[in-house]
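Worksheet: the structure to be examined is printed underneath.
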There are 2 protein chains.
Amino acid sequence: MNPMARPIVHTDSLRHELLAVTAELVDRDGPARVTLRDVAAAAGTSTSAVYSLFGGKSQLLTAVVDDGFRSFHDSQAAAAEEGLQGLGVAYRAWALEHRALYRLMFGGALAAYVDCQPTPDVAADAMVPLIAAVAGAQAAGRLLPAPAEMVAVAIWGQVHGLVSLELAEVGPPDADWAAVYNAALDAVARGWAA
Amino acid sequence: MNPMARPIVHTDSLRHELLAVTAELVDRDGPARVTLRDVAAAAGTSTSAVYSLFGGKSQLLTAVVDDGFRSFHDSQAAAAEEGLQGLGVAYRAWALEHRALYRLMFGGALAAYVDCQPTPDVAADAMVPLIAAVAGAQAAGRLLPAPAEMVAVAIWGQVHGLVSLELAEVGPPDADWAAVYNAALDAVARGWAA
DNA sequence: CTTGTTTCATAACGCTGTTATGAAACAAGG
DNA sequence: CCTTGTTTCATAACAGCGTTATGAAACAAG
């Protein structure tokens with residue numbers, strides 16, 4: 001029959017362990033300083049685990065990013081009932097809590113590093129709460145009646161840019177980013193108001 | 001005395017050649033695929049040149065990024081007389097012409113790769129045309145009278161985010177980015193109008 | 001206990017940035 | 001004209017990376 005050979009250690013739970021460890025190392029040291037040897041050591045296994053469970057470093061990072069998008073989506077969904085302004089506030093809060101991960105997700109740092117992109121469906125899902133909020137505000141007559149998806153992408157871009165600039169530490173080093181962000185959120189709201 | 005020893009080849013002109021070659025390779029293959037050996041070979045020299053002229057790979061990339069900021073500043077300055085909308089159009093045009101470089105400059109990809117940041121003064125200079133345009137529009141009573149620098153940072157962030165999302169290829173893959181961008185520029189203008 | 005099979009930690013490989021080394025290239029002095 | 005001295009930089013060596021190949025470890029069956 002099928003001799004069971006030696007017991008399996010590269011299990012699904014190790015997979016999750018590797019994801020968690022990698023996300024932690026990315027957020028602590030930045031993606032550049034994360035090596036497979038460190039990840040494996042921190043998870044108490046060897047580098048082969050990454051290859052048997054993910055396929056390689058780029059797939060591991062992609063999985064981490066996809067998890068990031070899911071966490072981000074949940075954060076957005078939780079803030080959905082607070083309206084567009086609430087989504088904006090939650091957006092920045094999540095980004096500041098996961099700075100390196102956010103850059104990995106949106107900053108193109110991943111694509112710059114290795115040849116991989118976030119899974120399109122997962123990334124698109126993260127936008128759903130915003131699109132829904134836009135559509136809702138349009139139905140209530142409070143927002144310009146342009147295509148909801150287009151308005152959502154534009155608003156997302158505007159908000160993303162503010163957060164991205166803050167994280168990249170480009171611009172005046174003494175800037176009061178919270179104040180800038182709030183003023184910008186108001187301006188975005190005015191800009192798209194019906 | 002001072003025996004002149006063998007003639008110097010690591011000159012300032014080779015420095016510029018290395019900068020040009022690196023910028024070209026970055027824009028063609030992305031930062032991940034640029035190696036010092038390739039850069040040196042393309043410039044007809046050896047890797048030592050990078051170390052004697054720049055200090056290492058991170059300083060070379062920093063110099064390329066600083067050059068990028070200067071080029072970007074010039075592009076903005078040239079569009080300054082066309083007003084805020086002109087600056088916005090020029091912004092996206094420059095970014096699309098220098099995709100990889102733009103990501104290196106603003107996307108945090110550089111910080112993710114190696115431990116270096118763009119020279120603060122050079123990056124701040126790139127914002128000067130926008131700040132001037134904001135101040136001008138405020139003086140003419142066409143813009144909200146908030147602190148010019150804050151308004152400029154907010155607008156910059158909004159515009160940057162749109163371009164950044166487009167470059168990162170996050171969001172709907174069939175999006176008409178030009179249309180989104182134009183609509184967003186109008187919304188930004190409305191949002192900050194007096 | 002031996003055999004057979006599967007699993008995965010270890011070691012080896014090619015490539016990277018970086019550093020060390022020594023040959024190359026000339027000016028000066030015999 | 002050749003030796004010597006000095007400077008410069010291409011080459012080779014090194015440590016570390018992601019990845020791949022290998023063979024010992026761990027068990028079921030005979």
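If you're wondering where the values come from, they're calculated on a predicted model, not measured in any experiment. Just so you know, these numbers use all the heavy atoms, side chains as well, and skip hydrogens, waters and symmetry mates. Below, chains carry the letters A, B, ... as their sequence lines are ordered, and counting in each starts from 1.
Closest to the side chain of Arg37(A), out of dC26(C), dA12(C), dC9(D), is dA12(C). In this structure, the nucleotide among dC8(C), dT19(D), dC26(C) sitting nearest to the side chain of Ile8(A) is dC8(C). Distances from the side chain of Tyr51(A) to the nucleotides dA9(C), dC8(C), dT19(D) place dT19(D) closest. For Leu36(B), the listed nucleotide lying nearest its side chain is dG17(C); candidates were dG17(C), dT7(D), dG18(D).
Using a 3.5 Å distance cut-off with no hydrogens or angles, the side chains of His10(B) and Tyr51(B) do not pair a donor with an acceptor.
Arg103(B) contributes a side-chain N or O that, together with a main-chain N or O of Leu167(B), makes up a donor-acceptor pair within less than 3.5 Å.
Hydrophobic clustering (side-chain heavy atoms under 4.5 Å, transitive across Ile, Leu, Val, Met, Phe, Trp, Tyr) keeps Val128(A) apart from Val159(A).
Side-chain contact between Gln76(A) and Leu87(A): present, with at least one pair of heavy atoms (C-beta onward) separated by less than 4.5 Å. Contact annotation: the side chain of Tyr102(A) never approaches that of Glu97(A) to less than 4.5 Å [non-hydrogen atoms, C-beta and beyond].
Residues Thr35(A) and His10(B) both approach DNA chain D. Their nearest nucleotides, taken by heavy-atom distance, put His10(B) toward the 5′ side. In terms of position along DNA chain D, the nucleotide closest to Gly44(B) lies nearer the 5' end than the nucleotide closest to the other residue of the pair Thr47(A) and Gly44(B).
Classified by interplanar angle (parallel below 30°, tilted 30° to 60°, perpendicular above 60°), the ring pair Trp156(A)/Tyr91(A) is perpendicular.
Each end of the helix from dC1(C)-dG30(D) to dG30(C)-dC1(D) yields a helix axis from five base pairs, and these two axes differ in direction by 40° (to the nearest 10 degrees).
Note on Ser52(A): nothing from the nucleic acid sits closer than 4.0 angstrom, heavy atoms only. Residue Val39(A) is classed as having no contact, given no heavy-atom separation below 4.0 Å to the nucleic acid.
Residue Ser48(B) places none of its side-chain N or O atoms closer than 4.0 Å to OP1 or OP2 of dC9(D).
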